[in-house]
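Data first, discussion second: the structure below is written as structure tokens.
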Amino acid sequence: MSKKLLIILSGVFLTLCIVVGGDAFALKSLDPSGATTGLTVDVSAATAGSPTATEITDQIGKNKVSINMMWVLITGFLVMFMQAGFAMVESGLTRAKNAAHTMSMNMMIYPIGMLAFFICGFGIMFGGVGPLATLGGYDGLNQEFAISLFGHTFGLFGTKGFFLSGVYDVSVFALFLFQMVFMDTTATIPTGSMAERWKFSAFVVYGFFVGTILYPVYGNWVWGGGWLSQMGNQFGLGNGHVDFAGSSVVHLTGGVLALVGAIIIGPRIGKYNKDGSPNAIPGHNIPMAVIGTFILAFGWFGFNPGSTLAGTDLRMSIVAVNTMIASATGAIGAMLYMWWFKTKKPDPTMMINGLLAGLVAITAPCAFVTVQAAALIGLIAGVLVIEAAFFIEKVLKIDDPVGAIAVHGVNGAWGCIALGLFADGTYGAGLNGVAGPVTGLFYGNPGQLYAELIGISANIIYIGALGWVVFKLIDVVIGNRVKPEDELDGLDIPEMGVEGYCGIRLDKNSETPLSK
């Protein structure tokens with residue numbers, strides 16, 4: 001091809017580009033500022049570019065629900081990622097010889113709990129919740145089993161939505177995803193308190209129980225329209241038992257199960273001497289535990305703000321900041337309390353648990369309190385988790401390798417009490433069918449505190465009793481605890497068939513203290 005011909009062809013090609021490009025620009029000009037992107041022509045209409053008033057308002061409504069649904073899904077994804085945080089914290093705070101076993105429990109509780117929740121847990125918890133207002137108003141979850149006593153109605157559990165059957169609706173599926181990952185957070189808590197001696201087969205059976213009945217029934221009472229949520233309407237106690245994001249539903253439930261399970265399974269070999277004094281059994285990887293803590297703190301921005309169930313609810317900014325501040329005061333409070341009053345060292349493991357305790361405690365009241373109250377709630381949680389951990393270990397003689405009972409159980413209860421004390425009456429009007437906002441004792445409404453205390457008590461009684469039955473049944477049928485020789489050698493090979501740290505020579509004997 002001659003040079004002259006090449007120049008001519010190039011000119012023709014350039015001319016065509018200009019002509020075609022010019023036509024395209026005539027249809028839609030470039031918009032580097034975004035000012036002209038998203039106009040009338042983008043509104044869905046029978047006649048493109050000429051929507052009717054109804055078509056415009058329909059588009060507004062669809063956009064609002066779309067924003068809410070995206071918010072619910074994205075924050076649900078964040079909560080799902082918390083499973084990685086739990087896995088790293090628990091594995092880091094336990095021994096190297098059990099790393100694969102501890103990690104495996106934290107991984108498998110996700111699919112096991114999910115399938116259990118899918119089978120019947122979601123239906124029991126939300127089968128009678130009523131219209132999903134922020135997600136489009138679907139009202140098919142309308143079958144709550146209730147009883148009447150002394151002129152009052154007590155909702156006990158839902159009866160619709162098993163296997164997600166008969167509720168083939170986009171809003172229900174969004175709610176399922178968001179609530180399923182909350183359930184999984186509860187389910188993973190006992191894997192910390194029972195770590196290093198729990199038989200994997202027993203853990204698997206437990207996983208199905210927690211997702212099908214242990215978690216969903218109490219969850220229905222608080223979030224599914226059950227009797228605890230209706231104490232405001234039925235008995236005039238504030239807005240009923242209020243728990244914005246799960247201090248009682250998620251964390252207290254997990255903490256009570258962790259307590260019951262740890263009592264039944266007993267302490268690790270070497271934990272206590274003959275005189276009852278405890279021996280320290282250090283975790284093998286503090287850096288891993290710290291990274292896991294940051295993952296959990298990050299995921300909590302899905303946990304708490306996501307519980308608005310609405311990306312259009314601007315209260316989410318207050319929820320997020322309250323969550324962040326409480327985590328900070330929890331960590332600092334725990335660090336200083338250990339440093340000044342306990343061991344004269346700041347102790348990174350207690351910094352971890354202090355930060356998590358602050359997050360657990362603020363989870364219930366995060367939407368209803370001022371940021372100053374959030375700071376105080378977190379600070380108290382940071383001290384409370386230390387005193388609770390020492391009391392559980394030294395006085396009750398319960399071996400909890402990661403402090404799950406103190407972090408989730410004790411501070412889950414404290415979070416609900418804090419709501420009953422500090423709720424300032426600026427948010428929550430209409431919640432649980434009560435016209436007024438959520439207001440605590442310090443702002444003139446003692447009834448809210450009573451409702452919180454009743455909810456805590458109901459959790460401890462129901463979850464404690466049923467959890468005891470479940471763990472005892474598992475113990476009788478297959479046994480909860482591994483063989484002593486396997487516990488001493490480490491659970492990775494006998495239970496999982498794979499070492500957590502292949503190619504690294506572990507001094508397994510030194511990881512188990514000798515009882516005196």
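Heavy atoms only: backbone and side chains are in, while hydrogens, waters and symmetry mates are out.
For Glu393, the salt bridge (charged side-chain N to carboxylate O under 4.0 Å, His left out) test picks out Lys271, with sequence neighbours left out. Val204 meets the side chain to side chain contact (heavy atoms under 4.5 Å, CB included) test with Ile112, Phe200, Phe208; sequence neighbours excluded. The salt bridge (charged side-chain N to carboxylate O under 4.0 Å, His left out) search around Asp400 returns none, not counting sequence neighbours. Not counting sequence neighbours, the partners of Glu387 by the salt bridge (charged side-chain N to carboxylate O under 4.0 Å, His left out) test are Lys342.
Taking the ring centroids of Phe182 and Phe303, they lie under the 6.0 Å cut-off. Between Tyr218 and Tyr462, the distance from one ring center to the other does not fall under 6.0 angstrom.
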Which is it for Leu214 and Thr253 under the side-chain contact (heavy atoms from CB on, under 4.5 Å) test, yes or no, and what are the steps along the way? CA-CA 9 Å; Leu214 282 168; Thr253 297; 5.9 Å; no

Report the C-alpha separation of Tyr215 and Val250 in whole Å, then their side-chain angles, then the decisive distance to 0.1 Å, and conclude whether the side-chain contact (heavy atoms from CB on, under 4.5 Å) test is met. CA-CA 8 Å; Tyr215 175 85; Val250 175; 3.8 Å; yes

Applying side-chain contact (heavy atoms from CB on, under 4.5 Å) to His251 and Asn411, what does each step give before you reach the verdict? CA-CA 8 Å; His251 298 285; Asn411 280 287; over 6 Å; no

Show the numbers, then the answer: is there a side-chain contact (heavy atoms from CB on, under 4.5 Å) between Ser247 and Trp414? CA-CA 8 Å; Ser247 286; Trp414 162 233; over 6 Å; no

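With rounding to the nearest 0.5 Å, the separation of CD1 in Ile405 from CD1 in Ile392 is 5.0 Å. Between the CH2 atom in Trp221 and the CD1 atom in Ile454 there is a gap of 13.0 Å [rounded to 0.5 Å]. Taking CE from Met69 and CG from Leu132, the interatomic distance works out to 9.0 Å, rounded to the nearest 0.5 Å. Within the model, atoms CH2 of Trp227 and CG of Leu149 stand 11.0 Å from one another, a figure rounded to the nearest 0.5 Å. Interatomic distance, Asn239 CG to Gln230 CD, rounded to the nearest 0.5 Å: 10.5 Å. Remark: Leu93 CG to Met88 CE distance equals 11.5 Å, nearest 0.5 Å.
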Name every donor-acceptor pair, under 3.5 Å, that has one atom in a side chain of residues 150-164 and the other anywhere in the protein, sequence neighbours excluded.
{"from": "His152", "atom 1": "ND1", "to": "Gln234", "atom 2": "O", "distance (Å)": "3.4"}
{"from": "His152", "atom 1": "ND1", "to": "Gln234", "atom 2": "OE1", "distance (Å)": "3.1"}
{"from": "Thr159", "atom 1": "OG1", "to": "Gln143", "atom 2": "O", "distance (Å)": "3.1"}
{"from": "Lys160", "atom 1": "NZ", "to": "Gly140", "atom 2": "O", "distance (Å)": "2.8"}

Sequence neighbours left out, cut at 3.5 Å: what donor-acceptor pairs do the side chains of residues 74-83 make with other protein atoms?
{"from": "Thr75", "atom 1": "OG1", "to": "Trp71", "atom 2": "O", "distance (Å)": "2.6"}
{"from": "Thr75", "atom 1": "OG1", "to": "Val72", "atom 2": "O", "distance (Å)": "3.1"}
{"from": "Gln83", "atom 1": "NE2", "to": "Asn106", "atom 2": "O", "distance (Å)": "3.3"}

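Using a 4.5 Å heavy-atom cutoff, the side chains of Thr185 and Phe86 are in contact. You'll find the side chain of Thr94 reaches within 4.5 Å of the side chain of Val402, heavy atoms only. Using a 4.5 Å cut-off on side-chain heavy atoms (C-beta onward), Val369 and Ile362 make contact. Contact of the Thr323 side chain with the Leu359 side chain is registered, since non-hydrogen atoms from C-beta on lie closer than 4.5 Å. Contact of the Leu257 side chain with the Phe209 side chain is not registered, since no non-hydrogen atoms from C-beta on lie closer than 4.5 Å. Side-chain contact between Ser327 and Trp300: absent, with no pair of heavy atoms (C-beta onward) separated by less than 4.5 Å. The shortest distance between side-chain heavy atoms of Phe117 and Gln179 falls below 4.5 Å.
Ring geometry for Phe176 against Phe118 counts as perpendicular: the plane angle is over 60°, on a 0 to 90° scale with 30° as the lower cut.
At most 12 non-hydrogen atoms from other residues, nucleotides or ligands lie less than 6.0 angstrom from NZ of Lys64. Remark: Leu314 CG is loosely packed, at most 12 non-hydrogen atoms of other residues, nucleotides or ligands lying under 6.0 Å away.
Side-chain atoms of Glu55 and Gln59 include no donor-acceptor pair closer than 3.5 Å.
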